[in-house]
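Only one structure is covered here, and it is reproduced in the block below.
Below, chain A is the first sequence line, B the second, and so on; all start at residue 1.
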Amino acid sequence: MARRTASLHKEYEKLLKEYGPQAWWPMRRGFAPKEWEVCVGAILTQNTNWRNVEKALDNLIKSNVVTPEATLKISSRRLEQLVRPSGFYRQKAIRLKTLAQFILSYGSFNDFKRIERHELLKVKGVGPETCDSILLYACGRPYFVIDSYTKRFVRSLGMEPANYEALRAHFESRLPKDVALYKEFHALIVEWGKRKTRTKL
DNA sequence: CCCCAGGCCGCGC
DNA sequence: GCGCGGCATGGG
């Protein structure tokens, strides 16, 4: 176990060599998403195919609902219709408004960025994966994201994934505390997962 | 027609 | 602290 897990960084290097550097968060319209868009994506992708999330993101962008302020201002009914393609749309509309309100209560997004993890986890609709996605990809903080792809990946290495926190500790304790590395490794794992399950692009 | 997708909440136990 | 049903759309 120790030998296998100690080589986690080598698994990273293998993926990097095979796939090349990935976008840190799915790139849309040819450029990297803004911080709030990452938060929105993290909520909308909960148990949902990213393709459906993109449709919802397109709707939000077309309607210029691209900030926490605009997300609070729009009616719940309208917001529901915009995010509808991503599924669970009533829940997700609520979660977006809740998160927007929460972030704005910090004043600026930059102030929000220093939030304690356990505080962000208290927000209704923000579970461990959504939380760490926001912390890593929107706040630039060194928290390794554990999602279904990550669990599949460690299983492919011959480990049984433990609970979320244990798995996160597993990654974080065996990798240099490096935000860029965490982002890249996670993106590579997602790419790995998509290639493995892809039947058709 | 059935299964799945980058979860999370609320409940019962 | 863990297991389970509910939440909903779109693609294979």
Side-chain angles (χ1 to χ4, degrees), chain A residues 11-12 15 19 22-28 32-33 35-60 62 76-103 117-139 141 143-157 160-172 182-201:
Chain A
E11 297 297 333
Y12 163 72
L15 286 177
Y19 300 155
Q22 305 294 306
W24 286 351
W25 186 262
M27 299 254 282
R28 306 181 60 265
E35 292 147 338
W36 174 245
E37 185 177 332
V38 172
C39 297
V40 173
I43 297 279
L44 295 186
T45 197
Q46 290 171 358
N47 199 37
T48 301
N49 193 304
W50 184 259
R51 294 180 70 158
N52 287 7
V53 175
E54 286 195 315
K55 296 177 200 297
L57 289 173
D58 285 340
N59 289 342
L60 291 168
K62 275 184 208 147
S76 297
R77 199 81 64 192
R78 278 256 291 145
L79 186 58
E80 285 179 359
Q81 293 314 309
L82 294 177
V83 303
R84 185 168 189 155
S86 72
F88 308 125
Y89 62 92
R90 295 187 191 90
Q91 277 191 358
K92 285 175 179 175
I94 294 168
R95 290 177 184 180
L96 289 179
K97 280 194 178 269
T98 303
L99 183 60
Q101 178 71 59
F102 183 78
I103 289 174
R117 184 174 186 273
H118 73 272
E119 292 296 331
L120 182 52
L121 275 174
K122 286 183 194 166
V123 177
K124 196 193 276 189
V126 176
E129 190 208 323
T130 306
C131 176
D132 292 331
S133 294
I134 291 171
L135 289 174
L136 180 64
Y137 289 100
C139 302
R141 304 265 301 277
Y143 291 92
F144 204 89
V145 177
I146 307 299
D147 57 21
S148 60
Y149 290 129
T150 317
K151 289 171 190 160
R152 257 178 263 166
F153 179 71
V154 299
R155 218 175 278 127
S156 81
L157 298 179
E160 260 319 294
N163 66 45
Y164 188 97
E165 289 305 323
L167 199 46
R168 184 169 70 82
H170 178 87
F171 275 83
E172 293 180 6
Y182 285 13
K183 289 179 177 179
E184 188 60 46
F185 198 1
H186 178 248
L188 286 164
I189 289 171
V190 171
E191 179 61 20
W192 171 89
K194 288 188 171 168
R195 291 193 190 205
K196 287 215 77 167
T197 62
R198 179 173 302 160
T199 54
K200 194 184 194 179
L201 186 67

Can [X] and [Y] be counted as an ion pair, charged N to O under 4.0 angstrom?
X	Y	result
A:Glu191	A:Lys194	no
A:Glu37	A:Arg28	yes
A:Glu80	A:Arg95	no

For atom [atom1] of [X] and atom [atom2] of [N], their distance in whole Å:
X	N	atom1	atom2	result
A:Leu121	B:dC9	CG	C1'	14 Å
A:Lys122	B:dC9	NZ	P	14 Å
A:Tyr164	C:dG1	OH	P	17 Å
A:Lys196	C:dG12	NZ	C1'	19 Å
A:Glu129	B:dC9	CD	P	12 Å
A:Ile134	B:dC8	CD1	P	10 Å
A:Asn47	B:dC9	CG	P	13 Å
A:Lys55	B:dA5	NZ	C1'	13 Å

For the pair A:Glu184 (side chain) and A:Tyr12 (backbone), establish whether a donor and an acceptor sit closer than 3.5 Å, ignoring hydrogens and angles.
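No; zero donor-acceptor contacts below 3.5 Å.
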Taking only the side-chain heavy atoms of [X] (C-beta and beyond), determine which of [options] contains the nearest atom.
X	options	value
A:Lys124	B:dC8, B:dA5, B:dC9	B:dC9
A:Asn52	B:dG6, C:dA8, C:dT9	C:dT9
A:Arg51	B:dA5, B:dG6, C:dG11	C:dG11

Cationic tip of A:Arg195 within the cone over A:Tyr19's six-membered ring, i.e. under 6.0 Å and within 45° of the normal?
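Judged by the rule, A:Arg195 and A:Tyr19 form a cation-pi pair.
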Distance below 4.0 Å between [X] side-chain N/O and [N] OP1 or OP2:
X	N	result
A:Lys92	B:dC8	no
A:Lys194	B:dA5	no
A:Ser148	B:dG7	yes
A:Thr130	B:dC8	yes

Rounding to an integer number of angstrom, what distance separates [N] and [M] when you compare their [atom1] atoms?
N	M	atom1	result
C:dG6	B:dC3	P	15 Å
B:dG10	C:dA8	P	14 Å
C:dG12	B:dG6	P	13 Å

Looking only at side-chain N and O atoms, does A:Tyr149 offer a donor or acceptor that is under 3.5 Å from a partner on A:His186?
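Side chains of A:His186 and A:Tyr149: no pair found under 3.5 Å.
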For DNA chain B, whose closest nucleotide is more 5', that of A:Trp50 or that of A:Gly125?
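With A:Trp50 and A:Gly125 compared, the 5'-side residue is A:Trp50.
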Describe the nucleic acid contact of A:Trp192 in one word from base, sugar-phosphate, nothing, applying a heavy-atom distance below 4.0 Å.
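Result for A:Trp192 = nothing.
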At 4.0 Å (heavy atoms only), tell me whether A:Val126 reaches a base, stays on the sugar-phosphate, or touches nothing.
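Counting heavy atoms under 4.0 Å across all strands, the contact made by A:Val126 is with sugar-phosphate only.
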Flag the pair A:Phe185 / A:Phe144 as yes when their ring centroid distance falls below 6.0 Å, and as no otherwise.
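So the answer is yes for these two rings.
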Heavy atoms within less than 4.0 Å of DNA chain C: which residues of residues 80-91 of chain A have one? Give them sorted by number.
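Contacts with DNA chain C under 4.0 Å: A:Arg84, A:Pro85, A:Gly87, A:Phe88, A:Tyr89, A:Arg90, A:Gln91.
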Which heavy atom in A:Leu15 sits nearest to a heavy atom in A:Leu188, and how many Å separate them?
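Taking A:Leu15 first and A:Leu188 second, the nearest heavy atoms are O-CD2, 3.8 Å.
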